[in-house]
Amino acid sequence: MKYSFNFEDASQIFVGAFALAVPISFSEEAWRLGETLPVINLCMLLTLSVIFLTLYTYESVFQRDISARKLVFILRIVTAYCMTAMVVMLVLFCINKFPLLSDPLVALKRVIIISMPASMGAIVVDSFDKE
């Protein structure tokens, strides 16, 4: 059983997040959603992301055994989402679609929108070699 988070886990999360962040980040629909999506919908999207990450992590990564690893379980979810958001920010920055200084709300919205599918890609790739 695995109780730690290591470089291999981090690299799998980065690769999984990158695999889905890249094509979505290049889509004009994602950019426009970042400009037009109401905050309430954005909050629902963020909540759905965390729920799906939690469910998949519980079922697949931890195989329903978190009794002795609750903190590791929570940290895995938070870490996966934060690492995914960093990947999304980097990709958006590289294609000049991350207006952090000129329009920080749009930048944040784009990150949350693209992080939803990208975080699922991250956690799925992270689960490939578990227990």
Side-chain angles (χ1 to χ4, degrees):
M1 266 189 189
K2 198 169 186 184
Y3 289 95
S4 63
F5 185 83
N6 58 36
F7 180 75
E8 180 184 10
D9 297 320
S11 63
Q12 288 172 329
I13 288 172
F14 278 130
V15 167
F18 191 76
L20 287 178
V22 168
I24 298 166
S25 294
F26 278 84
S27 115
E28 189 173 350
E29 290 85 3
W31 307 337
R32 289 185 192 263
L33 267 177
E35 296 165 2
T36 62
L37 195 66
V39 174
I40 187 72
N41 295 76
L42 195 69
C43 291
M44 288 189 294
L45 199 56
L46 179 61
T47 301
L48 282 173
S49 295
V50 173
I51 288 171
F52 286 129
L53 262 179
T54 302
L55 290 172
Y56 192 86
T57 303
Y58 179 74
E59 290 290 332
S60 189
V61 178
F62 284 79
Q63 299 177 344
R64 298 183 182 188
D65 181 22
I66 63 167
S67 57
R69 312 184 277 177
K70 289 179 182 145
L71 182 60
V72 175
F73 172 71
I74 292 167
L75 287 174
R76 184 65 143 243
I77 295 162
V78 170
T79 302
Y81 193 86
C82 290
M83 290 172 69
T84 298
M86 289 178 7
V87 168
V88 170
M89 285 185 247
L90 179 63
V91 171
L92 287 172
F93 179 77
C94 288
I95 62 172
N96 201 28
K97 292 297 178 185
F98 187 61
L100 186 60
L101 298 178
S102 61
D103 200 345
L105 183 59
V106 167
L108 177 65
K109 285 179 170 184
R110 287 177 181 170
V111 169
I112 292 172
I113 290 164
I114 298 168
S115 289
M116 183 191 188
S119 65
M120 286 309 300
I123 205 69
V124 167
V125 172
D126 183 36
S127 73
F128 283 165
D129 69 343
K130 301 300 173 240
E131 279 91 34

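- The list of ring pair (Phe, Tyr, Trp, His ring centres under 6.0 Å) pairs with a residue in residues 63-119, not counting sequence neighbours, reads Phe62-Phe73.
- The cluster map of Ile, Leu, Val, Met, Phe, Trp and Tyr, joined by side-chain heavy atoms under 4.5 Å apart, puts Leu20 and Leu53 in different clusters.
- In the hydrophobic clustering of ILVMFWY residues, with side-chain heavy atoms under 4.5 Å counting as a link, Val15 and Met120 come out apart.
- Within the structure, the salt bridge (charged side-chain N to carboxylate O under 4.0 Å, His left out) test picks out no pair touching residues 90-103 (sequence neighbours left out).
- Both Phe18 and Ile114 are members of a single hydrophobic cluster when ILVMFWY side chains are connected at heavy-atom separations under 4.5 Å.
- Under the rule for a side chain to side chain contact (heavy atoms under 4.5 Å, CB included), the partners of Ala10 that lie at least two apart in sequence or sit in another chain are Phe5, Met83.
- Screening residues 10-21 for salt bridge (charged side-chain N to carboxylate O under 4.0 Å, His left out), with sequence neighbours left out, gives no hits.
- Remark: Ile113 CD1 to Leu37 CG distance equals 5.0 Å, nearest 0.5 Å.
- Leu75 belongs to a hydrophobic cluster whose remaining members, ordered by chain and number, are Leu71; membership requires side-chain heavy atoms of ILVMFWY residues under 4.5 Å apart, directly or through intermediates.
- Every residue meeting the side chain to side chain contact (heavy atoms under 4.5 Å, CB included) condition with Val50, not counting sequence neighbours, appears here in chain and number order: Thr54.
- Atom CD1 of Ile66 and atom OG1 of Thr57 lie 10.5 Å apart (nearest 0.5 Å).
- Between Ile24 atom CD1 and Leu33 atom CG the span is 11.5 Å, to the nearest 0.5 Å.
- A continuous path of hydrophobic side-chain contacts links Ile77 to Val72 [ILVMFWY only; heavy atoms under 4.5 Å].
- Across all their heavy atoms, Val125 and Gly16 have their closest contact at CG2-CA, 3.6 Å.
- Qualifying side chain to side chain contact (heavy atoms under 4.5 Å, CB included) partners for Val124, counting only residues two or more places apart in sequence or in other chains: Tyr56, Phe128.
- In the hydrophobic clustering, where aliphatic and aromatic side chains (Ile, Leu, Val, Met, Phe, Trp, Tyr) are joined below 4.5 Å either directly or transitively, Leu55 groups with Ile51.
- Nearest heavy-atom pair across Ala80 and Ile123 is CB-CD1, 4.0 Å.
- Sorted by first then second residue, the side chain to side chain donor-acceptor pair (under 3.5 Å) pairs that include residues 30-52, not counting sequence neighbours, are Glu28-Arg32, Glu35-Arg110.
- What you find for Val61 and Ser127 is that their closest heavy atoms are CG2-CB, 3.6 Å.
- Each salt bridge (charged side-chain N to carboxylate O under 4.0 Å, His left out) pair with one or both residues in residues 39-61, not counting sequence neighbours, appears once here: Glu59-Arg64.
- The structure places CG of Asp126 at 5.0 Å from CG of Asp9, a figure rounded to the nearest 0.5 Å.
- Ala122 and Thr84 make their closest contact through CB-OG1, 3.5 Å (heavy atoms, listed as atom of the first residue, atom of the second, distance).
- Residues satisfying the side-chain hydrogen bond (donor to acceptor under 3.5 Å, both in side chains) test with Ser27, not counting sequence neighbours, are Glu29.
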Leu100 and Met89: CA distance, side-chain angles, deciding distance, side-chain contact (heavy atoms from CB on, under 4.5 Å) verdict: CA-CA 10 Å; Leu100 186 60; Met89 285 185 247; over 6 Å; no

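- In this structure, Leu92 is not a member of the same hydrophobic cluster as Leu90, with clusters built from ILVMFWY side-chain heavy atoms closer than 4.5 Å.
- Once rounded to the nearest 0.5 Å, the distance linking CG of Leu45 with CG of Leu42 reads 6.5 Å.
- Considering only residues two or more places apart in sequence or on other chains, Leu48 meets the side chain to side chain contact (heavy atoms under 4.5 Å, CB included) condition with Phe52, Met116.
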